[in-house]
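Inspection log for the structure reproduced underneath, given as structure tokens.
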Amino acid sequence: MSFIPILVLIALITCCVTVFGNATLDGASQVSLLVASAVSVMIGELTRKFKWEQLEKEITKKIASCTPAIIILLLIGAISGTWMVSGIVPTMIYYGVQIIRPEVFLISSSVLCALVSLLIGSSWTTVATIGVALMGIGKAHGFDDGWIAGSIITGAYFGDKLSPLSDTTVLASSVSGTPLFSHIRYMMNTTVPAFVISLAIFFVAGLTVEVSHEGNVLQFMEALHHSFVISPWLLLVPVVTGVMIARRWPSLVVLFLAVFIAAIVALFVQPALIRSIAVADGVSMHDALLPYKGIMQVCYGSTDIETGSELLNPLVSTSGMAGMMPTIWLIICAQTFGGTLTATGQLRDIISIVLRFVHGTTSLVATTVGTSFFFNVAMADQYLAIMLSSSMFRDTYKEKGYEPRLLSRSCEDGGTVTSVLVPWNTCGLTQSTVLGVSTLTYLPYCFFNILSPIVSIIVAALGWKIYRKKSKD
């Protein structure tokens, strides 16, 4: 009986993906979670007695635990706008794209996508913009679609997984009760080895394929240079941000200062662009107020910047804080579902069955990774995979004395990176559509996404930096 709400959710999500496709996260998934929550409550009333006040208290507790994540997501939205409009990200792309050479195209494209994704915190945006450009360049060089798409997705999901701006990274750390930067540092133990092995494969493969000319890289660079003030001095902002992260400042402080500094830089370095954003809605205003209006819109709203390049326009267009609302909405609804499962005792019943397969560290991590992947397949969404897996195993890790960052890392190793390998998952649907390559075509070449869960289990088996007590990084 306890599995019925999850089965209902799986059925609803399947219908949502079929009907809405890539727009499933715009609201259909959230409604499905609330319906599944109602089913959980009804079954709970039939199978066992519980107080309604207890249910409300549990839901409130679950949602409250994600309050820092919600604030962080809003700041991430502001960073995506300010770092783009200020020219910081365009400068990184401008210099980064110049490293591409035909002989090392695969490894270069993977590294470039990793850098861009690390900066903007979004594998989807990276694939839909830089990835599309690299597909064209790769085809001109004579590479197969599978190899090109595999290198792009490998880099995009590596950067997404380690970026403090990534919503999945913030989500995994928050729902497991792990500080954001502690979570990121701990993930490097499994993420970096998997990525290095992937790069080695791409390097060898790139040398064996006959290549041609450099493609349209210069045209792409010219569009960037035409739309933004490009300067290496702008790179000081991510350097300063990196220093704050290295000194282990609180994530909220780091992210807020990153927004503030980038906003000031945008006002002085890109004044014409800020003014054009301010007057885009056609509302008349005193000239002195235009910079203020423009920078506020960059932080909270959407910006569309015309660069003259169809490939570049989606990359430089941002959605600000408003763009984070579907994810925040999803978090609230998912935590409501988790709260009902907990209050009715159904989550405890499910965990008791799953834990029969757990006998030690390796089996616990393997079960967590496998469960995250299962939810990716069954519910077709990486956010649900991360949140539900973390909710299921959080108390178990605590009872056994493991640090919460082991849980958060295992959920990401099994949830975030494998989502793009499932054809009917929102990630798999999106990336295959954007790149024009079927999921099953690029799947064998997404080495990082395949290796990450395997490396996670191997590291657990070796006991490398697996601690049962609180310890320093």
Side-chain angles (χ1 to χ4, degrees), residues 150 153-154 157-158 160-162 166 168-169 171-173 175-178 182-201 350-379 382 384-422 425 427-428 443-469 471 473:
I153 291 172
T154 287
Y157 276 80
F158 170 80
D160 186 309
K161 192 180 177 187
L162 292 183
S166 169
T168 54
T169 303
L171 180 63
S173 63
V175 296
S176 63
T178 306
S182 177
H183 167 62
I184 292 174
R185 287 191 295 269
Y186 199 58
M187 277 201 301
M188 294 180 69
N189 296 330
T190 58
T191 303
V192 173
F195 188 58
V196 170
I197 295 173
S198 302
L199 292 182
I201 297 174
I350 295 172
I351 291 176
S352 65
I353 296 174
V354 175
L355 290 182
R356 294 175 184 175
F357 303 98
V358 175
H359 304 289
T361 303
T362 305
S363 58
L364 177 60
V365 171
T367 302
T368 306
V369 171
T371 301
S372 298
F373 176 67
F374 167 76
F375 283 137
N376 257 330
V377 175
M379 298 187 179
Q382 61 179 344
L384 296 179
I386 292 172
M387 286 186 286
L388 293 179
S389 297
S390 182
S391 297
M392 286 181 61
F393 293 100
R394 182 172 182 175
D395 290 340
T396 302
Y397 276 75
K398 184 177 181 180
E399 290 172 2
K400 293 182 177 296
Y402 292 105
E403 295 178 331
R405 59 182 181 172
L406 178 60
L407 169 62
S408 61
R409 185 180 74 184
S410 301
C411 288
E412 281 237 66
D413 286 340
T416 300
V417 298
T418 61
S419 58
V420 72
L421 304 179
V422 182
N425 189 285
C427 292
L443 188 155
Y445 305 98
C446 295
F447 303 110
F448 170 74
N449 306 71
I450 296 172
L451 287 172
S452 284
I454 298 175
V455 172
S456 182
I457 297 173
I458 292 175
V459 168
L462 295 175
W464 186 38
K465 294 190 175 181
I466 305 295
Y467 307 112
R468 287 183 180 271
K469 294 182 179 181
S471 60
D473 292 333

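Scope of the values below: all heavy atoms of this structure, side chains included, with no hydrogens, waters or symmetry mates.
Taken to the nearest 0.5 Å, the CZ atom of F393 stands 12.0 Å off from the CG atom of L406. If you take CE on M387 and CD on Q382, they are separated by 10.0 Å, rounding to the nearest 0.5 Å. For the atom pair E412 CD and S372 OG, the distance stands at 9.5 Å (nearest 0.5 Å). Annotation: the span from Y186 atom OH to T191 atom OG1 amounts to 12.0 Å, rounded to 0.5 Å.
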- Could you go step by step and tell me if T368 and Y397 meet the side-chain contact (heavy atoms from CB on, under 4.5 Å) rule? CA-CA 10 Å; T368 306; Y397 276 75; 2.7 Å; yes
- I would like to know whether F448 and V417 meet side-chain contact (heavy atoms from CB on, under 4.5 Å); could you show each step before the answer? CA-CA 8 Å; F448 170 74; V417 298; 3.7 Å; yes
- With side-chain contact (heavy atoms from CB on, under 4.5 Å) as the test, would you mind laying out the steps for N449 and T154 before giving the verdict? CA-CA 7 Å; N449 306 71; T154 287; 4.0 Å; yes
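G177 and R394 make their closest contact through CA-NH2, 3.8 Å (heavy atoms, listed as atom of the first residue, atom of the second, distance). Here the closest non-hydrogen pair linking V455 and P193 is CG1-CB, 4.5 Å. For V369 against S456, the heavy-atom pair with the smallest separation is CG2-OG, 4.0 Å. When all heavy atoms of H183 and R409 are compared, the closest pair comes out as CE1-N, 3.9 Å. Across A172 and S408, no two heavy atoms sit closer than the pair O-CB, 3.5 Å.
Residues T362 and I457 form a side-chain contact, since some pair of their non-hydrogen atoms from C-beta on lies under 4.5 Å apart. Contact check for F375 versus S389: side-chain heavy atoms found under the 4.5 Å cut-off.
Remark: the S452 side chain and the Y157 side chain contain no N/O donor-acceptor pair separated by less than 3.5 Å. Between the side chains of S419 and N376, not a single donor N or O lies within less than 3.5 Å of an accepting N or O.
In this structure, F195 and F158 have parallel ring planes: the angle between them is below the 30° cut-off, well short of the 60° mark.
Checking T396, T361, L407 one by one against Y402, the side chain to side chain contact (heavy atoms under 4.5 Å, CB included) holds for a single residue, T361. Evaluated for a side chain to side chain contact (heavy atoms under 4.5 Å, CB included) with I153, the options L443, L421, V420 yield exactly one hit, V420.
In this structure a side-chain-to-backbone donor-acceptor pair under 3.5 Å is missing from S390 to I386.
In this view, D413 and K161 satisfy the salt bridge (charged side-chain N to carboxylate O under 4.0 Å, His left out) rule, not counting sequence neighbours.
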